[in-house]
Every structure is written in structure tokens, then in C-alpha cells.
Amino acid sequence: MDPVSQGAFGAIFAQTISNKKKILIGSILGCIAGLAPDLDIFIRSSSDPLLKLEYHRQFTHSIIFIPIGALLVAIFTFLFSRKYLSWMETYFYCFFGYATHGLLDACTSYGTQLFWPFSDERISWNNISVVDPLLTVPIIIFIIISILKKNKFITLFGVFYIFLYLGIGVVQENRAEKLGKSIANMRGHESKRLTVKPSLGNLFLWKSIYEDNGFFYVDAVRLLSKLEYCQGTKIKKLDTSNNFMGLNQNSQQYKDIERFNWFSQGYLGVGTKKNIITDVRYSAVPNEVDGLWGIQINPSKKNFEHVDWVVNRTTYKAKWKRFLDLLLGKGCKEIT
């Protein structure tokens with residue numbers, strides 16, 4: 001999730017164990033601890049663009065690291081909190097704040113290594129978007145009112161809202177999966193590896209991806225009182241046995257393809273742009289395959305050199321219009 005959401009979650013869950021007199025300082029510590037796991041973004045390399053993908057949402061986001069991460073934050077924050085709190089109070093506020101981070105990230109589709117070091121599987125429950133103001137803004141309001149009124153009931157109501165919203169996301173995900181299967185069946189496809197994920201900032205417009213006969217098929221689905229789909233497109237699935245056959249299998253670029261495939265959970269497509277491998281899961285418009293990021297293979301590079309990281313920054317204004325059109329149902333229809 002975005003930093004604002006992470007800080008808000010850490011603050012409101014820290015409020016649940018604070019008393020009325022200490023609700024402000026507890027919120028501050030919870031907020032700081034809720035943000036702390038994302039300090040892993042500083043683990044990166046100028047020569048290896050995939051290093052940041054391997055370590056972001058890794059050990060700092062693991063369940064087993066929560067007590068350690070909370071301890072590190074508590075040591076840092078105790079420098080100013082000791083005027084108001086005991087050491088144990090500081091630690092528990094930090095613990096509750098830190099514990100929310102990885103679990104919240106796992107609710108998105110990006111993937112979080114919750115069970116590191118025992119498993120490198122990227123957990124992604126796909127029931128909320130990476131940015132969702134309908135979730136975050138009300139939580140911030142609950143936090144502020146709780147502090148001003150010194151009323152724990154408002155805090156608990158805010159926590160109830162969180163679980164209610166996440167629950168709605170699970171229901172919507174199930175509806176999106178059923179509709180995605182219906183789209184595949186309508187086309188006579190088997191819908192292998194069907195995945196659905198909410199589009200940016202809402203739970204009403206979702207992206208549906210499924211694999212059939214060497215292609216990924218991408219559509220958008222609208223989940224209101226009626227279930228509608230918005231016709232999408234397809235992209236050829238990456239096949240290292242056929243694509244980039246001239247690439248040395250012992251080269252770093254070939255190894256980087258495998259690393260990027262792990263990060264993208266196998267959703268790699270090869271588009272029309274020269275030598276670019278795209279993460280099919282993410283696009284600005286949910287029924288398109290114009291990926292937000294990818295890697296570019298350069299056959300002229302030496303065997304020890306890494307791939308190039310590419311980011312799609314083109315025509316955002318036009319994409320934003322197409323996104324809003326889909327959100328409003330333009331071009332979408334029910335399956336007959």
C-alpha cells in the first residue's frame with residue numbers, strides 16, 4: 001500500500017491499546033512503526049535494477065521479523081517518547097504499528113514475502129488496490145477524531161470499518177473471478193491461472209487476466225448491481241525456450257529474466273516493443289496490456305551485464321480518460 005495508508009493503519013491499531021491520555025503519542029509511534037518496513041526501498045543497486053524488487057517487501061515485511069522490526073523502531077523512538085511512556089509502552093505501540101504493514105501489503109496484488117526466510121513465495125490476496133482513498137481517508141478521519149475527542153470507541157469503529165472494507169474486497173474478488181471465468185468460457189477458453197485485481201482507487205472496476213494457449217487475455221470487469229465486462233486484448237506469454245533464443249543461458253540477462261518472472265509471479269508478456277518483457281499484472285487501464293514497467297533485453301551486452309529497467313510514462317492524460325470511461329461503464333456490457 002501507499003505510505004499514507006501504512007502510516008494510518010499503524011496509528012489506528014496502536015490507538016487500540018492506548019489510554020485516553022496517551023492516545024496522541026501512541027498514534028505517532030504507531031504511524032512511524034507502520035511506515036518503517038518500507039525503509040527496504042533503500043536496498044538497491046545502480047548496476048542491478050532488479051535488486052530493489054528482490055528486497056522490497058522481503059525480510060522487513062516478514063511475520064517473523066515483526067518483533068525485531070518493532071524493537072528497532074522502539075529504540076529509535078524512545079529517545080523522545082520516554083518523557084511520556086515507559087519502555088514497554090513504547091515497544092508495544094511500535095509492535096502493533098509494525099505488525100500491520102506486511103499484512104496490509106499482502107492484501108494487494110504486488111506480492112509480499114510474509115513467510116521469509118522459510119519461503120520466498122509472494123503472498124498477494126488481491127482484495128484491495130495499492131492506493132484506495134475510500135479505505136484510507138475515512139481511517140485518517142477516525143484517527144483525528146479519536147485524538148481530539150480522546151474517545152476509544154471511535155478508534156474501534158474505525159477498526160471495524162477496516163475489516164468491513166477488506167471483507168467487501170474479498171466478496172468483490174470472488175464476483176470478479178466468477179465473471180472472469182464466464183468471459184473465458186464465452187470465448188471457448190480454459191481460463192488457466194485466472195487472476196483478478198482491483199484497479200486503482202476502487203473496488204468496482206477490476207482487471208481480469210487468464211492464460212490460454214500461450215497468451216494472456218486481459219479484460220476489465222465492473223462489479224456493481226450488474227456484472228459487466230469491458231472487452232480487452234491479449235499479449236503473448238513469455239516463453240524462454242522460443243523468445244530470446246540467441247541469449248546465452250549463462251548470461252546475467254538470462255538470469256534476470258528468471259528473477260523478474262519470480263517477482264511477477266509468472267505473468268510476463270512479450271509485446272510489440274523491441275525486446276521488452278512486460279509485467280502483465282499492472283497497467284494504467286485495466287483492460288489493456290501496456291504495462292507500467294518491464295525489462296529490456298539487449299543482446300549486445302556482455303554476459304555479466306544486467307537487463308535494463310523500463311517504466312511506461314507515456315500518454316497518461318489519454319489513459320486517465322480511458323480509465324474513467326471504463327469506471328463509468330462506457331463500452332462495457334453484460335455477458336449474454
Side-chain angles (χ1 to χ4, degrees), residues 1-2 4-6 8-9 12-13 16 99-112 114 121-142 155-186 189 191-211 217-232 265 267 280-283 285-287 323-336:
M1 289 290 287
D2 62 281
V4 176
S5 300
Q6 295 289 8
F9 265 64
I12 198 166
F13 276 93
T16 62
T100 63
H101 190 109
L103 294 173
L104 178 59
D105 274 345
C107 290
T108 70
S109 57
Y110 190 87
T112 306
L114 285 181
E121 180 183 0
R122 301 182 64 84
I123 306 299
S124 49
W125 293 319
N126 300 323
N127 61 312
I128 52 173
S129 174
V130 291
V131 178
D132 193 337
L134 295 178
L135 172 62
T136 306
V137 172
I139 296 171
I140 294 174
I141 294 173
F142 286 128
T155 297
L156 296 177
F157 193 83
V159 172
F160 171 77
Y161 175 80
I162 289 173
F163 285 107
L164 176 64
Y165 196 89
L166 295 178
I168 292 173
V170 172
V171 172
Q172 290 289 76
E173 181 190 12
N174 290 333
R175 297 176 75 201
E177 284 185 354
K178 290 180 181 179
L179 188 53
K181 290 178 181 179
S182 297
I183 295 170
N185 292 336
M186 177 185 66
H189 295 162
S191 67
K192 296 178 182 177
R193 297 187 63 216
L194 174 68
T195 294
V196 294
K197 59 181 290 292
S199 62
L200 186 67
N202 72 98
L203 291 178
F204 309 109
L205 182 66
W206 290 60
K207 181 171 186 171
S208 168
I209 311 168
Y210 69 84
E211 177 188 343
Y217 290 80
V218 177
D219 300 276
V221 295
R222 293 182 76 242
L223 310 173
L224 297 169
S225 58
K226 295 189 299 183
L227 300 181
E228 300 176 314
Y229 81 101
C230 318
Q231 179 75 33
Q265 298 173 311
Y267 285 96
V280 182
R281 299 173 301 165
Y282 289 96
S283 59
V285 185
N287 66 342
F323 174 81
L324 290 179
D325 285 344
L326 291 179
L327 198 59
L328 295 173
K330 296 182 180 180
C332 302
K333 58 184 178 181
E334 294 184 73
I335 292 180
T336 57

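- Inspection of the S5 and T136 side chains reveals an N or O donor paired with an N or O acceptor under 3.5 Å.
- Residues M1 and L135 are in side-chain contact: their nearest non-hydrogen atoms beyond the backbone lie under 4.5 Å apart.
- With contacts defined as side-chain heavy-atom distances shorter than 4.5 Å, the pair L134/L203 does not qualify.
- For OH of Y161, the number of neighbouring non-hydrogen atoms (other residues, nucleotides, ligands) closer than 6.0 Å is greater than 12.
- The closest side-chain heavy-atom distance from Y210 to K181 is not below 4.5 Å.
- A donor-acceptor pair under 3.5 Å is formed between the side chain of N202 and the backbone N or O of L200.
- You'll find the side chain of W125 stays beyond 4.5 Å of the side chain of L166, heavy atoms only.
- Residues F13 and I162 have side chains in contact (heavy-atom distance under 4.5 Å, counting atoms from C-beta outward).
- Looking only at side-chain heavy atoms (C-beta outward), Y282 and K207 stay at 4.5 Å or farther from each other.
- Taking 4.5 Å as the limit, some side-chain heavy atom of I335 sits within range of a side-chain heavy atom of I183.
- By the salt bridge (Lys or Arg N to Asp or Glu O under 4.0 Å) test, E228 pairs with R222, K226, sequence neighbours left out.
- Within the structure, side chain to side chain donor-acceptor pair (under 3.5 Å) pairs that include any residue of residues 323-334 comprise K321-D325 (at least two apart or interchain).
- With rounding to the nearest 0.5 Å, the separation of CD1 in I209 from CZ in R193 is 9.5 Å.
- Residues forming a salt bridge (Lys or Arg N to Asp or Glu O under 4.0 Å) with E177 (at least two apart in sequence, or on another chain): none.
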